[in-house]
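This report refers to the structure that appears directly beneath it.
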Amino acid sequence: MKRQSFSLILDFDSTFITGETLDELAVISLVGHNRRDEIIDDIRKITELGMAGKISFTDSLKRRLNQLSATNDHLKQLSKNLKGQITASIERNQDFFIANQSRIYIVSGGFKDVIRSVTNDFKIREDHIFANDVLFDEQSNLVGIDLNNPLSRDHGKSQVIKKSNIPHPILMFGDGYTDLEVKKDGAADYFFAFTENVNRPEVTCEADRVISSFDEFIEMYQKGNLFDFQLITDKS
Ligand SMILES: [Mg+2]
């Protein structure tokens, strides 16, 4: 069996989990709010604009956080809910994650504590998780995120990866425009678009590969042909 050596960086929202962290946080934290449906709908639309690359990530994150009023308890509930929303093909390949923990990373615009909690059973190393830090006031209300963290800004994923000592070749695996950007910015060597949860033409059109299930990824990995793009083109 031909094995290839590479670092695998996964996105979190709509990749490791089926949905988007902030959409779910809105659902939890707006219970009883008289404009709940309207705000949830608006947050979803902003998420989508950001992930399709139509507005900047900074703008998308700011606009969504402004509409939320969440507490630390909401975040605990969020972690619990998201544990039940792990992408099906990732859930059934937990063994792969545990066996390959030395080279698997998560880089996300989501919240570090939530991601740690959700990925706990997959043995993603704590120092392999790069994400935003949430800030609370004295009453445990979420007041924002740490803006000193590059992941709160545009091209944050690329910056964080470039500054880290993640060994190359690096394979970025995700569903969104910010994941594609990691390769465009030169921070990753390959970009695979993951479409099990959401398929965005703006993202897939520039991907090295389009993967619809993590099973497919593992099968290619086991055959040793993950990076044989030319071979695939020749066959088609
Ligand atoms: Mg995503």
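As the structure lists them, so they are numbered: ligands from 1, and atoms in each ligand from 1. Both backbone and side-chain heavy atoms feed into the values below; hydrogens, waters and symmetry mates do not. This chain uses plain numbering: 1 for the first residue, then up along the sequence.
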Only N/O/S atoms count here: what is the atom of [X] closest to the Mg ion (ligand 1) called?
| X | result |
| --- | --- |
| Asp11 | OD2 |
| Asp175 | OD1 |
| Asp13 | O |

Please determine which of Ile28, Asn72, Thr71 meets the side chain to side chain contact (heavy atoms under 4.5 Å, CB included) test together with Gln77.
->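 With Gln77 as partner, side chain to side chain contact (heavy atoms under 4.5 Å, CB included) holds for just one option, Ile28.
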Are any non-hydrogen side-chain atoms of Tyr105 and Ile170 less than 4.5 angstrom apart?
->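 Tyr105 does not reach Ile170 side chain to side chain.
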Over 60° means perpendicular and under 30° means parallel, so classify the ring planes of Phe6 and Tyr221, tilted if in between.
->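 Perpendicular, since the angle between the ring planes exceeds 60°.
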Are any side-chain N or O atoms of Lys162 and backbone N or O atoms of Asp185, one a donor and one an acceptor, separated by less than 3.5 Å?
->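 Yes: the side chain of Lys162 pairs with the backbone of Asp185.
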